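Take a look at the structure below.
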Amino acid sequence: MTIQPVKGTRDFYPREMAVHNWIVDGWKKISLRNGFEEYDGPIFEYLKMYQVKSGDEIVEQLFSLTDRGGRDLALRPEMTPTLARMVNQQINSLPKPIKWFSVPRLFRAERPQKGRLREFFQWNIDIIGVDDVLADAEVIFTTIDYLRQVGLTSTDIKVKISSREFLAGFLKSIGIPEEKLGDIYVLLDKSAKLPPGVFEELLREQVPDKTISGKILDFMVEQSIEQVRDLTAPNESTESALENLGNVFNYLESMGVGDFCIFNPGIVRGLAYYTGIVFEVHDAVGELRAICGGGRYDNLLKDFGGPSIPATGMGMGDCVLEILLREKGLLEKQLPAGSIDYFVAYVDESYKNQAIRITMELRSKGCSANFSYKAAKLNKQLKQASDQNARKCIIIGQEIESNQLAVKDMTSGEQKLVNLDEFNA
RNA sequence: GUGAAAGUAGCUCAGUUGGUUAGAGCAUCAGAUUGUGGUUCUGAGGGCCGGGGGUUCGAGUCCCCUCUUUCACCCCA
């Protein structure tokens with residue numbers, strides 16, 4: 001009986017692992033150069049932690065288990081609750097602002113489809129303790145910094161930015177009651193995926209008043225902050241939200257990534273905890289699901305039992321990103337070829353121990369080195385060397401009797417005899 | 001959880017109205033070459049045709065069930 005891999009999981013053979021490492025290394029490098037520090041937490045947490053903000057529907061999408069002590073646990077489906085817990089625990093001793101990143105392995109018991117698996121990796125960056133939308137801008141900048149680094153341009157991808165704060169203010173200013181906001185958010189979030197007529201129909205169901213629903217429709221097609229300002233009955237909360245939104249774009253312009261960023265009133269983000277700036281990065285064609293998303297969540301730490309501290313962050317999964325990079329041909333191009341420094345070949349069984357000794361010598365000096373387990377024909381061993389992408393090949397033959405070995409440069413093909421003492425030096 | 005399509009070698013796929021022993025390319029291994037790689041040539045291994053049941057003299061092929069994958073919903077933290 002053969003055992004299959006679990007639904008929605010991936011096996012990382014060396015080939016896939018190389019791709020994965022390249023992606024993760026890039027995430028880490030960009031995080032560090034933007035001043036973020038790495039953290040991690042346990043891969044499972046109390047189930048309760050995910051029920052706090054999300055309710056029972058989410059629990060059905062979790063892998064949960066009961067341990068032998070009767071504790072209800074869940075494999076982590078996201079990193080933010082763990083982050084909130086960790087930050088809350090040491091909030092008084094952590095220097096502010098907190099700029100942390102992580103690349104957690106996450107699990108969601110959803111049905112797998114394109115760009116969405118049951119086990120995946122997600123790059124998270126968060127800035128905690130900063131009110132100013134400059135922090136939101138820096139999160140967005142860091143995100144773009146990575147995407148730009150791997151070769152995506154502003155014609156490949158777009159960062160769509162909006163504001164929950166403004167959206168709430170706008171909807172209330174045109175007469176939508178507070179308790180309706182959630183339903184409207186869900187609808188607006190979906191709008192891009194719906195055929196035009198269907199969206200209007202659904203909107204009328206939610207908002208029977210034609211003048212009000214008309215205003216929402218107008219709002220959704222606007223392309224600039226100035227235009228939506230004109231639609232809004234001005235009041236204090238919408239004014240400050242618009243100012244924040246404007247500032248984010250100004251900062252992003254100063255940071256040199258303005259051409260990636262556009263205002264998009266349809267960006268709402270799924271769940272409840274966002275409070276301010278929200279954004280998603282999409283491929284320009286709109287073929288794939290969002291590459292990443294994020295925003296400001298000023299109430300979350302408090303909701304997890306901590307003090308009221310503002311926070312903003314971003315999460316980027318590895319699945320959609322990899323699909324996009326592959327489609328754009330950016331993976332093959334940039335992936336470093338696996339290679340070793342030396343391959344040690346020997347022409348006869350009698351030199352085997354010499355070969356082993358020299359290989360170990362190289363390794364102890366910090367060079368990567370391999371040798372053949374069998375005294376195969378030299379052409380076979382050289383083939384092994386080139387299959388392994390060895391930069392140089394050492395050939396041990398008769399010359400070793402007079403303390404010499406051949407060093408062959410595998411790219412140029414040049415070969416020279418080197419004295420053993422000289423080689424060891 | 002709902003719906004649709006597809007599963008033949010490690011991978012990409014052929015396989016005649018149902019008819020002998022299921023094929024190719026790539027990949028792997030070995031040989032052509034007694035001390036020189038990437039090319040080429042030759043050969044080999046590798047398959048319960050996803051699994052189970054049914055129809056039939058006979059099933060990779062037709063029917064039913066199931067599993068898996070892909071796609072679309074739900075959801076998207």
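To find a chain, count down the sequence lines: A is the first, B the second, and so on, and within it residues start at 1. Treat the numbers as computed from the prediction; the structure is a model and nothing was measured. These values consider heavy atoms only, across backbone and side chains, with no hydrogens, waters or symmetry-generated copies.
For the C1' atoms, the distance from B/C26 to B/G46 is 14 Å, rounded to whole Å. The separation of B/G23 from B/A4, taken at their C1' atoms, amounts to 31 Å, rounded to a whole angstrom. Rounded to whole Å, the separation between the P atoms of B/A22 and B/A44 comes to 16 Å. Separation of the P atoms belonging to B/A32 and B/G37 is 13 Å when rounded to the nearest angstrom. With both ends at atom C1', the span from B/U17 to B/C75 equals 47 Å, rounded to whole Å. Between the C1' atoms of B/U68 and B/U8, the separation comes to 15 Å (whole Å). Straight-line distance between the C1' atoms of B/U66 and B/G7: roughly 13 Å, to the nearest whole Å. Between B/U61 and B/G50, the two C1' atoms lie 16 Å apart (nearest whole Å).
Under the Watson-Crick or G-U wobble criterion, with both distances below 3.5 Å, B/C76 is left unpaired in every strand shown. Look at B/U55: it lacks any Watson-Crick or wobble partner with both distances under 3.5 angstrom. B/A44 and B/U28 make up a base pair, with Watson-Crick or G-U wobble contacts both under 3.5 Å. A 3.5 Å limit on both hydrogen-bonding distances identifies B/U69 as the Watson-Crick or G-U partner of B/A5. Pairing of B/C13, defined by two Watson-Crick or G-U wobble distances under 3.5 Å, is identified with B/G23.
Residue A/D189 contributes atom CG, which lies 14 Å from atom P of B/C73 at whole-angstrom precision. Rounded to whole angstrom, the span from the OH atom of A/Y50 across to the P atom of B/C76 amounts to 17 Å. The CZ-C1' distance, from A/F304 to B/A77, rounds to 10 Å in whole Å. The nearest whole Å value for the distance from the CG atom in A/L117 to the P atom in B/A77 is 17 Å. To the nearest angstrom, C1' of B/C75 lies 13 Å from CZ of A/R269. The distance from atom CD of A/Q122 to atom C1' of B/C76 is 11 Å, rounded to the nearest whole Å. In this structure, NZ of A/K190 is placed 10 Å from P of B/C73, rounded to the nearest angstrom. One atom, OH of A/Y351, and another, C1' of B/U34, lie 13 Å apart when rounded to the nearest Å.
Of the candidate nucleotides B/C76, B/G37, B/A77, B/C76 has the atom nearest to the side chain of A/R289. The nucleotide whose nearest atom lies closest to any side-chain atom of A/V347 is, among B/G35, B/C76, B/A77, B/G35. The side chain of A/R116 sits closest to B/C76 out of B/A77, B/C76, B/G35. The side chain of A/L378 lies closest to B/G35 when the candidates are B/G35, B/G37, B/C73. In the set B/U36, B/A77, B/C76, B/U36 carries the atom at the smallest distance from any side-chain atom of A/L382. You'll find that the side chain of A/R108 is closest to B/A77, out of B/U68, B/A77, B/G37. If you check B/G37, B/A77, B/C73 against the side chain of A/R111, the one that comes closest is B/C73. For A/K377, whose side chain is taken as the heavy atoms from C-beta onward, the closest listed nucleotide among B/G31, B/U69, B/A77 is B/G31.
Using a 4.0 Å heavy-atom cutoff across all strands shown, A/K408 reaches at least one base atom of the nucleic acid. If you check every strand for non-hydrogen atoms under 4.0 Å, A/G413 touches a base. At a threshold of 4.0 angstrom between heavy atoms, the contacts of A/Q415 include nucleobase atoms, whether or not backbone atoms are also involved. Looking at heavy-atom distances under 4.0 Å, A/L106 makes no contact with the nucleic acid at all. A/G295 comes within 4.0 angstrom of nothing in the nucleic acid, heavy atoms only. A/M410 comes within 4.0 angstrom of a base, heavy atoms only. The residue A/K374 sits close only to the backbone: its heavy atoms come under 4.0 Å of sugar-phosphate atoms, none of a base. Within 4.0 Å (heavy atoms only), A/Q381 reaches no atom of the nucleic acid at all.
Across every non-hydrogen atom of A/N264 and A/K160, the tightest pair is ND2-CD, 3.5 Å.
Taking 3.5 Å as the limit, the base of B/U33 and the side chain of A/N379 contain a donor-acceptor pair of atoms between them. For B/G35, the base has a donor-acceptor partner in the side chain of A/E399 [N/O atoms by modelled type, under 3.5 angstrom].
Along RNA chain B, the nucleotide nearest to A/A385 and the one nearest to A/G8 differ in position, and the one closer to the 5' end is contacted by A/A385. Heavy-atom distances to RNA chain B give each of A/Q384 and A/P5 a nearest nucleotide, and the one nearer the 5′ end belongs to A/Q384.
Using cut-offs of 30° and 60° on the angle between ring planes, the pair A/H20 and A/F121 is tilted.
Although no hydrogens or angles enter the test, the distance criterion places a donor-acceptor pair under 3.5 Å between the side chain of A/D298 and the main chain of A/A311.
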Working for salt bridge (Lys or Arg N to Asp or Glu O under 4.0 Å), residues A/R10 and A/E119: CA-CA 8 Å; A/R10 287 171 289 180; A/E119 181 192 37; over 6 Å; no
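Two rings, from A/F371 and A/Y373, have their centers less than 6.0 Å apart. Ring to ring, A/F170 and A/F219 are close: their centroids are under 6.0 angstrom apart.
OP1 or OP2 of B/A72 lies within a sub-4.0 Å distance of a side-chain N or O belonging to A/Q113. Remark: A/K380 is in phosphate contact with B/G31, judged by side-chain N or O atoms under 4.0 Å from OP1 or OP2. Between A/K114 and B/U70 there is no side-chain N or O to OP1 or OP2 distance below 4.0 Å.
By the 6.0 Å and 45° rule, A/K29 does not stack over the aromatic ring of A/F36. Figure legend: cation-pi geometry between A/R164 and A/Y185, with NZ or CZ positioned under 6.0 Å from the six-membered ring centre and within 45° of its axis.
Ion pairing between a basic and an acidic side chain is recognised when a charged N comes within 4.0 Å of a carboxylate O; A/E414 and A/K408 show no such pairing.
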